[in-house]
Amino acid sequence: MGSCLGISRKSASEIAPADVLKKYPTVKLYGNPNSVTTYYIRCALLYKPVTVNFVPSDTHQSPAVEYKSDSVTGSVDSVLRYLDLKFPEPKLLTGSIGGWYDETTPFVVWLVILQHRSMMWHLERMGRWAEDLAARGGKARGDPAMGTPRMEVRKFARGYSQLLELMLEHAQMEERVVFQILEKADRGLSKAANEEHARDLPMMNGIKEDIKSIGVLDSGHPAYQDALCNLSTRLKTLKERSKKHFEEEEKNLLPLMEAAELSKAQQDKVLDQCLDVMHGTHSHLFRFFMEGLLPPDAMHYLDMLSRCSDQNQVSTMLRLIIDKAV
């Protein structure tokens, strides 16, 4: 597994909706209800236009999928290939990774790259939302599900708070784990990246304070419109800075991780360390994080998590996605 480019732009937030008016084909899944592999396949099925009938079974050594007269079991890859064959969109596996990274790339590099992709997706989403808020200026409602202007600002604040926590944990993970590996190899390699983290922190926290201020303003107050426009501008600046920072890391720093020549056992240990640092991302924020990944990227991320030593923790993370989808 691991191919993540050259696919349709369907996001993980577009998981097949629970629309009772639509009739989806039924797929049966048999498997141990506490198995990480079973959770993995259940997560994969969320992206497909199917109705899943999960049958807990302790007799199946590996998950088994039944569709019409077909029965498929075996490796995760074989099950995903079958699902892609029968239900082509969206693809869970792709044949081209692209870029300088490939299947030999250290796991932690892929971890960082996929986190960059999720954070950029959320930054772009929050930026578009802020532009829409500014365009309406509190004088017109957007999506009825958002409620009144004040209610919508609260939802916006909650979304940004989740993104901020994700971005802060990601920065801490890089500084405590990834950059430490590079610094041991050649002191000073990560100096510029650390400085950019420190530079952007005041803006990130400042945006949160801006949103709080907007929340207490009357939507009819003249300062309300100005505050929304300022928020939109600052979010756009943060997005542009983050994009540039991520691109520079992926071009200049992350390729050097291969030169560190970490063994597979060392790579697995590093993954465990990253998971420990990013506790919020992999607990209450996990579904939010996964929404920012395209299906093949999401499958690749789950691949890496499945290598972590604490399988109970991995099962808990995947259960968060399953429980909210049913």
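Sequential numbering from 1 along the given sequence is applied to the chain's residues.
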Does the pair Lys243 and Glu247 meet the rule for a salt bridge (charged side-chain N to carboxylate O under 4.0 Å, His left out), with working shown? CA-CA 6 Å; Lys243 184 174 186 291; Glu247 289 175 346; 2.7 Å; yes

Answer whether the closest heavy-atom distance between the side chains of Leu275 and Leu305 falls below 4.5 Å.
yes

Applied to residues 196-214, the salt bridge (Lys or Arg N to Asp or Glu O under 4.0 Å) test, sequence neighbours excluded, yields Asp200-Arg241, Glu209-Lys212, Asp210-Arg234

- Query: Between Val52 and Arg42, is any pair of side-chain heavy atoms under 4.5 Å apart?
  - Reply: no

Those residues at least two apart in sequence (or on a different chain) that pass side-chain hydrogen bond (donor to acceptor under 3.5 Å, both in side chains) with Glu124 are none

- Measure the shortest side-chain to side-chain distance between Trp129 and Glu152 over non-hydrogen atoms and say whether it is less than 4.5 angstrom. yes

Let me check something: do Val55 and Ile41 share a hydrophobic cluster, defined by ILVMFWY side-chain heavy atoms less than 4.5 Å apart, either directly or through other members? no

With sequence neighbours left out, the residues meeting side-chain contact (heavy atoms from CB on, under 4.5 Å) with Thr26 are Thr51, Asn53

- Task: Treat each ILVMFWY residue as a node, draw an edge where side-chain heavy atoms are under 4.5 Å apart, and state whether Leu201 and Val277 are in one component.
- Result: yes

Step by step, work out the side chain to side chain contact (heavy atoms under 4.5 Å, CB included) result for Lys86 and Val50.
-> CA-CA 11 Å; Lys86 292 297 180 179; Val50 299; over 6 Å; no

Sorted by chain and number, sequence neighbours left out, ring pair (Phe, Tyr, Trp, His ring centres under 6.0 Å) with Tyr67 holds for Phe87

For residues 269-281, the side chain to side chain donor-acceptor pair (under 3.5 Å) pairs (sequence neighbours left out) are Glu169-Thr281, Asp272-Ser309

inquiry  = Would the distance check show the side chain of Glu66 and the main-chain N or O of Val72 forming a donor-acceptor pair, the cut-off being under 3.5 Å?
reply    = no

message: Any side-chain to backbone donor/acceptor pair from Gln225 onto Ala134? Under 3.5 Å, distance only.
response: yes

CG (Leu114) and CE (Met119) are apart, to the nearest 0.5 Å, by 10.5 Å

Rounded to the nearest 0.5 Å, the CE atom of Met278 sits from the CG atom of Leu285 at a distance of 9.0 Å

Got a donor-acceptor contact below 3.5 angstrom from the Thr237 side chain to the Thr233 backbone? yes

query: Would a hydrophobic clustering, with Ile, Leu, Val, Met, Phe, Trp and Tyr connected at side-chain separations under 4.5 Å, put Leu45 with Tyr30?
result: no

Distance col, row Ser35:OG vs Asp58:CG, nearest 0.5 angstrom, shows 10.5 Å

Here the gap from Leu238 atom CG to Leu163 atom CG, rounded to the nearest 0.5 Å, amounts to 7.5 Å

Worksheet entry | Over 12 foreign heavy atoms within 6.0 Å of CD, Glu248 | yes

When every non-hydrogen atom of Pro106 is compared with those of Glu258, the smallest separation belongs to CD-CG, 3.5 Å

Here the pair of heavy atoms bringing Val177 nearest to Cys274 is CG1-SG, 3.9 Å

- prompt: Is the shortest side-chain N to carboxylate O distance from Arg136 to Asp132 below 4.0 Å?
  reply: yes

query: Got Met173 and Val112 here, is their nearest side-chain heavy-atom distance under 4.5 Å?
result: yes

Those residues at least two apart in sequence (or on a different chain) that pass salt bridge (charged side-chain N to carboxylate O under 4.0 Å, His left out) with Lys236 are none

Applied to residues 209-228, the ring-ring contact (aromatic ring centres under 6.0 Å, His included) test, sequence neighbours excluded, yields none

query: Checking Tyr301 side chain against Trp110 main chain: does a donor-acceptor pair fall under 3.5 Å?
result: no

Student check: side-chain heavy atoms of Phe289 and Gln115 closer than 4.5 Å
yes

His170 vs His116 aromatic rings, parallel, tilted or perpendicular, using cut-offs 30° and 60°?
perpendicular

Salt bridge (Lys or Arg N to Asp or Glu O under 4.0 Å) pairs touching residues 179-193, sequence neighbours excluded, are Lys191-Glu195

Closest non-hydrogen atoms of Phe156 and Ala130, given as atom of the first, atom of the second and distance, are CE1-N, 3.8 Å

- Query: Side chains of Leu164 and Asn205: closer than 4.5 Å at any heavy-atom pair?
  - Reply: yes

Members sharing Met151's hydrophobic cluster, built from side-chain contacts under 4.5 Å between Ile, Leu, Val, Met, Phe, Trp and Tyr, are none

To the nearest 0.5 Å, atom CE of Met299 lies from atom CG of Leu93 at 9.0 Å

Closest non-hydrogen atoms of Ser232 and Glu131, given as atom of the first, atom of the second and distance, are OG-CG, 3.4 Å

So the side chain to side chain donor-acceptor pair (under 3.5 Å) pairs with at least one residue in residues 311-321 (sequence neighbours excluded) are Tyr39-Arg319

Are there over 12 heavy-atom neighbours, none belonging to Lys155, within less than 6.0 Å of that residue's NZ? yes

**Asked** So, does Thr73 use its side chain to make a donor-acceptor pair with the main chain of Pro63 at under 3.5 Å?
**Response** yes

Those residues at least two apart in sequence (or on a different chain) that pass ring pair (Phe, Tyr, Trp, His ring centres under 6.0 Å) with His122 are Phe288

In short, Gln267 meets Phe107 closest at the heavy-atom pair OE1-N, 2.9 Å

message = When you compare the side chain of Glu165 with that of His284, does any pair of heavy atoms fall below 4.5 Å?
response = yes

Shortest non-hydrogen pair, Leu302 vs Cys43, comes out as CD1-CB, 4.0 Å

Rounding to 0.5 Å, atoms CD1 (Ile211) and OG (Ser161) come to a distance of 7.0 Å

Self-check item: Ion pair check, Lys91 and Asp84, cut-off under 4.0 Å
Solution: no

4.5 Å side-chain heavy-atom contact, Val314 and Tyr40 | no

Ala193 meets the side-chain contact (heavy atoms from CB on, under 4.5 Å) criterion, sequence neighbours left out, with Phe179, His245, Glu249, Leu253

Taking the six-membered ring for Trp, are Phe286 and His282 parallel (under 30°), tilted (30 to 60°) or perpendicular (over 60°)? tilted

